[in-house]
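In the text below, chain A, chain B and the rest are named by the order of the sequence lines, each starting its count at 1.
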Amino acid sequence: MTSSAFMYLFLAAAVAGGVGMLALRHPIHAAVSLLGTMLCLAAAYAMLGAHLMAVFQVIIYAGAIMVLVVYIIMLLDLGSDDARAFRSVKVFVGIPAATVLVSVLARLAWHRAAGTEPRPGLLSSIGDPAAAALPEGFGTVASIGRDLLGRYVVPFEVTSVLLLAGIVGAVYLTGRDSAGLKAQGNAVGEGKGTGDGGQAEGAPAGGEEFAA
Amino acid sequence: MTPNDLDLRWGLMVPELLVLLAGVLVLLVDTTVKAPDQDRRGIQTGISTLACLAAAGYTAVVLGSTSGTRTGFGELFVVDGLAVWFKSVVLLSAALASLMSERWLRNHRLTSGGFIALLLFSTAGMLYMVSAADLVMLFLGLEIMSIPLYVLAASERRNARAVEAGLKYLVLGSLATGFLLFGISLLYGFTGLMGQPSTCIADVVAAVLRSAPDVPALAVGGGILLFVGMVFKVGAVPFHMWTPDVYEGSPMSITAFMSVAVKATAFAAILRVFGGSGVLEALRLHDLLFALCALTMVVGNVAALAQSSVKRMLAWSSVAHAGYILLGVLAGTQDGLAAVLFYSLGYAAMNIAAFGVLVHLSEKGHEVERLDQLRGIATRVPLQAAILAVSMLSLMGMPPLVGFWGKLYIFRAVVFADFPGHIAIAVLGVLMSAVSAYYYLRVVVVSYMSDATAPAPAHRPSFGNGLATATAAALTVLIGLAPGAFLALARDSAESLRASSAAVAPAVDASTATAVAVSPQPPRR
């Protein structure tokens, strides 16, 4: 019973964090609010037995991604007055959408509490969670690790191609232009005539350094 | 789990490994080979082209020689007729696109290492996606295909339009990937409800068919999201918003590659998940697809009418062609699926030929994009003008060319299919294809029947681009002259879809009695 009480506590806090993120005017406050949501979700995952997900949630979302978010907010120096341009859109689209969602959820919760079957319809036939018999140890660190390096080892390895492509792409896009790339290799021939003289001049030295 | 259980049949993965190896080699050339940029560009595009051709040859000859479905790597990776066909199309497009890229890179004085390597990585992603027997693999392939393309679209960094193209593609593409991923997780949850959590495509399909006709909302929602994520890559209306801008801002060779190879890959994935097994009907996606087809054909063709830029016109025309190909999926019959395969190959040939001519005519600072820049090219470069005319007539659907046969097979399959409104949508397709004659013929008219207004820029032809254009044009004509042989091949390749859905069918029959049979099988480890 206590565990379910804690579950409700965490989930309520997560929802509160989400509301706070939308309602708070200052971007940093909103970011901290989002952090609260993520941590509460991590706690909920842990209570559901998905320990690895909980750890990932803390390390990746609450850690890395939040740092990125805060960093960008500070980099762009966003004040509380910016980014409110979509207010009217939010009101006109958001409120009806939220109303529909909440009413559907409320109806499901009502039927569950009352122990009755909701009227058959597309939205009610989600399926019966009780029918799902999860295998032993599902979602634990051990089983995810076994899957990752067992059955899913090819996707696991292929992910490295994705990372490589991402790195090459980032270097390609942000490198110092064509002349800059030449400076790393060896600028012989037409490279010198590109007009980016400053970079092309340093090329031969840079080229030898790189080759060595 | 020992490596033996994993079934590491490396022979099946040779094309992917070859392409990846070439990508790494191309990167190494940048740092190790001391040569003028001109030569290095030649070496790198050469490596890329040869690797793609070798991989295509291996795929077609070695993998294609034995029919039947072969899986490996923990049943995540499948090589069947469908995979062999689409891999050949993708690899051929990649080889031609590398050849075409050399000239664009030269015009812009760019080093080619990153560019060609990204092209190859993207190709490898496509190959993985085409061979994916599992939704996880499919997602990974999609990402490996897309991320290099986001970068390549923006490779002309000093050009605001190119940056717009890259950013737009990245943001909208990520959104679509989000849909896809959410769809996959819903379907995974659904298979869990059905007793055995699995992301294997065959398992998901079997679970959906087993719960038919009363498929839970979870599966319907997941199916729709998955479908939307894939259709985005195809560029079907209403998920086409990115197409004109991205195609216009990207380098010409990349536009050609995207319009052909990405489309083929996405169709392969759509066929693999939704093709031929009745999943579309079970998930109630059929009407959605019907509307999507009609909208795509109408919007693509009508918007193409209004374009004054050839590149934008070709972008809209690629939307329209996506609509035609989707018709084959809609038909769902064996003929329809074979027509999808045939059309993907034909579209690759004719579209690459068209873009090849545009690349040929473009010089640095003088990109041939507007229609009036094509004035009088018939007298200036008669051969290129003829190739452009052939590709335009083929895209339009002129009889002896491949475009005609593609449309014929698609429309025939739709007419003989059995779903409400099939005649109406076939008629709509034919009408729209008549509309397209206006904007395709306009290009031919401008290039043949008007005099050049501006003096021709100094011209430095490119061997690679010439070869690519000539090959694509030759394919357009040759496949058009012998469509029967290629259709037979496509039919054989599409056979694998029926074989795999037949494997699902007995399970369906067995469990229809106990409608939602929950069979707690041990998880596959």
Which pair of heavy atoms, one from A:P155 and one from B:V136, lies closest together, and at what distance?
CB-CG1, 4.1 Å

Shortest non-hydrogen separation from A:R151 to B:G74 and the atoms involved
NH1-O, 2.6 Å

Side chain, backbone, both or neither: which part of B:D134 has an atom under 4.5 Å from a heavy atom of chain A?
side chain

Under a 4.5 Å heavy-atom cut-off, does chain A meet the side chain of B:L120, its backbone, both or neither?
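For B:L120, no heavy atom lies under 4.5 Å from chain A.
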
To the nearest 0.5 angstrom, please state how far the [atom1] atom of [X] sits from the [atom2] atom of [Y].
X      : Y      : atom1 : atom2 : value
B:I116 : A:Y172 : CD1   : OH    : 9.0 Å
B:I144 : A:S160 : CD1   : OG    : 8.0 Å
A:L164 : B:I147 : CG    : CD1   : 12.0 Å

Answer yes or no: is there a side-chain heavy-atom contact under 4.5 Å between A:V168 and B:F115?
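They are not in contact (no side-chain heavy atoms under 4.5 Å apart), so the answer is no.
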
Any side-chain heavy atom of B:E143 within less than 4.5 Å of one from A:V158?
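Counting from C-beta outward, B:E143 and A:V158 never come under 4.5 Å.
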
Of the listed residues (B:Y150, B:Y128, B:F77, B:F139), which shares the most heavy-atom pairs with chain A below a 4.5 Å separation?
B:Y128

Counting heavy-atom pairs under 4.5 angstrom with chain A, the leader among B:M137, B:E16, B:M13 is B:M137

Greatest number of heavy atom pairs closer than 4.5 Å to chain B - which of A:L163, A:T159, A:L173, A:V154:
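Most pairs with chain B among the choices: A:L173.
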
